[in-house]
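Shown next, in structure tokens, is the structure this report addresses.
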Amino acid sequence: MRRACALALLALFAASAPSIAQPPAPHSAEYALYRGGTNLGRAQVSLVPQAADDCFVYSYTARPSWLFRWATGSISERSTFCFVNGRLLPQTYRYHRDGIGAEKENFSLSFDPVARKVTDDKGMVRDWPQGSVDRLLVQLEALRLVDGMGFPVKERRLSVSIVDDDRIKEYTLAVVGSETIQVPAGEFDTIRIERINDPRKQTRFWVAPALDNLIIKVEQQRDDDPVIGIALRQTPSAGVATD
């Protein structure tokens with residue numbers, strides 16, 4: 001049923017952004033979690049196939065070490081989506097943190113492709129803007145910019161709408177260059193992507209073409225606060241089991 005709904009509504013989404021030939025390959029990867037120059041712990045990112053054809057679970061879990069866990073708690077995000085004719089169609093999204101003040105932050109979303117509505121865990125129903133995704137899937141949306149790209153890189157831009165807890169965010173992402181970077185997993189030639197439409201909060205992705213366009217590093221920084229990021233610890237495993 002969900003697959004049929006997605007196919008029926010494909011035309012409504014198709015004009016909003018370029019498609020990509022294939023979904024990202026299923027994988028599971030471990031990252032170092034850091035703030036400034038301080039190692040906070042580890043994070044896990046996985047893309048797992050669901051039983052339905054071309055549907056997936058994309059998840060992120062951050063586990064700070066015991067020294068920092070009392071303040072931040074563990075953080076998990078989970079998105080279910082289908083890949084239909086080169087587009088990502090979200091189904092559900094959940095954000096959960098178990099640290100101080102977490103009860104004010106936790107939320108979940110359910111996407112209805114027939115009614116084009118989004119319902120949160122409190123029962124509030126909103127319109128689902130055409131082509132928008134949840135805030136975890138923006139990482140996979142960013143990979144549209146590097147689809148089929150090699151070195152030297154080319155300038156590309158992409159606009160992405162994100163359904164957040166109580167509002168819609170607009171991201172303008174751009175390929176800003178190439179960079180050889182060192183992460184715990186080793187040294188990689190990467191394509192650097194940045195969000196360019198928020199002067200107060202910087203968001204950066206480093207993508208490694210040698211690892212099937214895996215995002216090997218992500219950083220965020222608000223104003224002059226320390227950088228918060230994750231960096232790949234080891235080459236990821238492939239062939240993840242079906243969820």
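Only heavy atoms go into these numbers, but all of them, side chains included; no hydrogens, no water, no symmetry mates.
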> Does the side chain of Val207 reach to within under 4.5 Å of the side chain of Thr190, using non-hydrogen atoms?
Replying inline: no
> How would you list, by chain and number, every residue that makes a ring-ring contact (aromatic ring centres under 6.0 Å, His included) with Phe205, sequence neighbours excluded?
Replying inline: none
> Looking at CG of Asp121 and CZ of Arg94, how far apart are the two atoms once the value is rounded to the nearest 0.5 Å?
Replying inline: 9.5 Å
>> Can you tell me how far apart CH2 (Trp128) and CG (Leu109) are? Round to the nearest 0.5 Å.
In response: 11.0 Å
> Who passes side-chain hydrogen bond (donor to acceptor under 3.5 Å, both in side chains) against Tyr58, sequence neighbours left out?
Replying inline: Gln139
> Mind checking whether Val176 and Val153 sit in one hydrophobic cluster, side chains of I, L, V, M, F, W, Y counted as touching below 4.5 Å?
Replying inline: no
> Where is the tightest heavy-atom contact between Gly86 and Arg144, given as atom of each residue plus distance?
Replying inline: O-NH1, 3.0 Å
> salt bridge (charged side-chain N to carboxylate O under 4.0 Å, His left out): which pairs involve residues 201-214, sequence neighbours left out?
Replying inline: Arg204-Glu219
>> Tell me the closest heavy-atom pair linking Ala142 and Ile193, and the distance in Å.
In response: O-CD1, 3.5 Å
>> Any non-hydrogen side-chain atom of Asn197 less than 4.5 Å from a side-chain atom of Arg195?
In response: yes
>> Taking side-chain hydrogen bond (donor to acceptor under 3.5 Å, both in side chains) as the definition, give me every residue that meets it alongside Ser161, ordered by chain and number, with sequence neighbours left out.
In response: Glu170
>> Rounded to the nearest 0.5 Å, what separates atom CG in Leu47 from atom NE2 in His27?
In response: 5.5 Å
> Does Thr172 reach the main-chain N or O of Ile196 with its side chain, forming a donor-acceptor pair under 3.5 Å?
Replying inline: no
> Is any side-chain heavy atom of Tyr60 less than 4.5 Å from a side-chain heavy atom of Ile230?
Replying inline: yes
> Of all heavy-atom pairs between Pro26 and Phe56, which one has the smallest distance, and what is that distance?
Replying inline: CG-CE2, 4.3 Å
> Excluding sequence neighbours, so at least two apart, what forms side-chain hydrogen bond (donor to acceptor under 3.5 Å, both in side chains) with Asp225?
Replying inline: none
> Who pairs with Gln234 by side-chain hydrogen bond (donor to acceptor under 3.5 Å, both in side chains), at least two apart in sequence or on another chain?
Replying inline: none
> Taking side chain as C-beta onward, heavy atoms only, is Leu88 less than 4.5 Å from Phe83?
Replying inline: yes
> Is the backbone N or O of Leu145 less than 3.5 Å from a side-chain atom of Arg156, with the two atoms forming a donor-acceptor pair by type?
Replying inline: yes
> Can you tell if the side chain of Ser74 reaches within under 4.5 Å of the side chain of Pro64, non-hydrogen atoms only?
Replying inline: yes
> Around Arg126, counting heavy atoms of other residues, nucleotides and ligands shown, do more than 12 lie under 6.0 Å from its CZ?
Replying inline: yes
>> Applying ring-ring contact (aromatic ring centres under 6.0 Å, His included), can you list everything that pairs with Tyr31, at least two apart in sequence or on another chain?
In response: none
> Checking side chain to side chain donor-acceptor pair (under 3.5 Å) for the pair Ser28/Gln44: CA distance, chi angles, key distance, verdict?
Replying inline: CA-CA 7 Å; Ser28 180; Gln44 191 81 20; 2.8 Å; yes
> Please, which pairs that meet salt bridge (charged side-chain N to carboxylate O under 4.0 Å, His left out) have at least one residue in residues 24-36, sequence neighbours excluded?
Replying inline: Glu30-Arg42, Glu30-Arg233
> Do Ile181 and Leu143 sit in the same hydrophobic cluster, where Ile, Leu, Val, Met, Phe, Trp and Tyr count as joined when their side-chain heavy atoms come under 4.5 Å apart?
Replying inline: yes
>> Measuring centre to centre across the rings, with the benzene-like ring taken for any Trp, is Phe107 within less than 6.0 Å of Tyr93?
In response: yes
> Between Asp127 (side chain) and Pro129 (backbone), is there a donor-acceptor pair under 3.5 Å?
Replying inline: no
>> Is any side-chain heavy atom of Val48 closer than 4.5 Å to one of Ser59?
In response: no
> Transitively linked via ILVMFWY side-chain contacts under 4.5 Å: Leu158 with Val218?
Replying inline: yes
>> Would you compute the distance between atom CH2 of Trp206 and atom CG of Leu232 and round it to the nearest 0.5 angstrom?
In response: 13.5 Å
>> Please determine whether residues Val175 and Leu211 belong to a single hydrophobic cluster, defined as Ile, Leu, Val, Met, Phe, Trp and Tyr linked transitively by side-chain heavy-atom distances below 4.5 Å.
In response: yes
>> With salt bridge (charged side-chain N to carboxylate O under 4.0 Å, His left out) as the rule and sequence neighbours excluded, what pairs involving residues 171-181 come up?
In response: Glu179-Arg192
> Going only through I, L, V, M, F, W and Y residues with side-chain contacts under 4.5 Å, is there a path from Ile216 to Met149?
Replying inline: yes
> Listed by chain and number, what are the salt bridge (charged side-chain N to carboxylate O under 4.0 Å, His left out) partners of Asp165, not counting sequence neighbours?
Replying inline: Arg167
> Taking ILVMFWY side chains as joined if any heavy atoms are under 4.5 angstrom apart, and letting links pass through other members, which residues group with Tyr34?
Replying inline: Val227
> Which distance, rounded to the nearest 0.5 Å, do you find between the CG of Asp112 and the CD of Gln91?
Replying inline: 11.5 Å
>> Give me the atom names and distance for the closest heavy-atom approach of Ser132 to Pro90.
In response: O-CG, 3.9 Å
>> I need the Asp189 CG to Glu187 CD distance, nearest 0.5 Å.
In response: 7.0 Å
>> I want to check something: taking the side chain as every heavy atom from C-beta on, are Val133 and Leu140 in contact at a cut-off of under 4.5 Å?
In response: no
>> I'd like to know if the side chain of Asp54 reaches the main chain of Cys82, judged simply by a donor and an acceptor atom lying under 3.5 Å from each other, with no hydrogens or angles considered.
In response: no
> In chain order, what residues pass the side chain to side chain contact (heavy atoms under 4.5 Å, CB included) check against Thr119, with sequence neighbours excluded?
Replying inline: Val125
>> Side chains of Arg97 and Glu77, heavy atoms from C-beta outward: is any pair under 4.5 Å?
In response: no
> Does the side-chain contact (heavy atoms from CB on, under 4.5 Å) test come out yes or no for Val118 and Phe111, once each step is laid out?
Replying inline: CA-CA 5 Å; Val118 180; Phe111 295 82; 3.6 Å; yes
> Are the charged groups of Asp164 and Arg135 less than 4.0 angstrom apart, N to O?
Replying inline: yes
>> If I compare all heavy atoms of Asp134 with all of Ile162, which pair ends up nearest, and what's the gap?
In response: C-CG2, 3.7 Å
> Looking only at heavy atoms, which two atoms of Ala231 and Pro184 are closest? And how far apart?
Replying inline: CB-CD, 3.9 Å
